[in-house]
Chemist: 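Before we start, here is the structure in question, set down as structure tokens.
Because only heavy atoms are used, hydrogens play no part in the values below, and waters and symmetry mates are left out as well, while side chains stay in. Quantities reported herein were computed from a predicted structural model and do not represent experimental measurements.
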Amino acid sequence: WCPQSRHSGIPDDVLQAEQRKGVVSLLAHSKEAGYVIFESTDHRFLMHLGHHEYEARRLVEEYLRDKDRDRTDVAEPVNLDLVNPVNRWRAHSLEFFSQWIKFIHEETAF
């Protein structure tokens, strides 16, 4: 679980082309958001396109704000109750960053 921006990202075909060139390794994909986690093949850069920092209420507020502006391209957030929003991604976020820090420590400690 992790909120994804509905207005930004990198198209799957672009990332797949970069993978074929040996520039990136694609690590996580979602049918709704596309590739969300990838890294450079030299393991120097890890990219996560999600918004771990978001609170559930913020997603509702942004949706309502955009809807109030009569934007026609605004879809209701997926997997989020607008009346009672719950942050389902906090544990995943903490685990992701914990494992990343552990990996960095193990790779650079010696």
Chemist: So which atom in Gly50 and which in Cys2 form the shortest heavy-atom distance, rounded to 0.1 Å?
Modeler: CA-SG, 3.7 Å
Chemist: Tell me, do Tyr54 and Asn87 make a side-chain contact under 4.5 Å, heavy atoms counted?
Modeler: no
Chemist: Asp12: which residues meet the side-chain contact (heavy atoms from CB on, under 4.5 Å) condition with it, sequence neighbours left out?
Modeler: Gln16, His29, Tyr35
Chemist: Determine yes or no for a side-chain-to-main-chain donor-acceptor pair under 3.5 angstrom, with Thr41 supplying the side chain and Ser25 the backbone.
Modeler: no
Chemist: Side-chain contact test, heavy atoms from C-beta onward, threshold under 4.5 Å: evaluate it for Met47 versus Phe45 and give yes or no.
Modeler: yes
Chemist: Is any side-chain N of the basic residue among Glu62 and Arg58 closer than 4.0 Å to the acidic one's carboxylate O?
Modeler: yes
Chemist: Ser40 and Asp42: which non-hydrogen atoms are nearest, and at how many Å?
Modeler: OG-OD1, 2.6 Å
Chemist: Regarding Lys21 and Glu18, does a basic nitrogen lie under 4.0 Å from an acidic carboxylate oxygen?
Modeler: yes
Chemist: Please report the interatomic distance CG(Asp68) to CG(Asp66), rounded to the nearest 0.5 Å.
Modeler: 9.0 Å
Chemist: In the structure I gave you, are the side-chain heavy atoms of Leu80 and Val60 within less than 4.5 Å of one another anywhere?
Modeler: yes
Chemist: Checking the side chain of His51 only, and the main-chain atoms of Glu53 only, is there a donor and an acceptor separated by less than 3.5 Å?
Modeler: no
Chemist: Can you tell me how far the CZ atom of Arg57 sits from the CG atom of Asn84, to the nearest 0.5 Å?
Modeler: 9.5 Å
Chemist: Working to the nearest 0.5 angstrom, can you tell me the gap between Glu95 CD and His52 NE2?
Modeler: 11.5 Å
Chemist: Ion pair present between Arg90 and Glu55, side-chain N to carboxylate O less than 4.0 angstrom?
Modeler: yes
Chemist: Can you get from Leu64 to Val74 by hopping between Ile, Leu, Val, Met, Phe, Trp and Tyr side chains that sit under 4.5 Å apart?
Modeler: yes
Chemist: Quick check: is Trp89 connected to Leu94 through a chain of hydrophobic side chains (ILVMFWY, heavy atoms under 4.5 Å apart)?
Modeler: no
Chemist: Given a cutoff of under 4.5 Å between side-chain heavy atoms of I, L, V, M, F, W and Y, with clusters grown through shared members, what are the other residues clustered with Phe97?
Modeler: Leu27, Val36, Ile37, Leu46, Phe96, Trp100, Ile101, Phe103, Ile104
Chemist: Counting C-beta onward and ignoring hydrogens, is there a side-chain heavy-atom pair between Val24 and Leu26 closer than 4.5 Å?
Modeler: yes
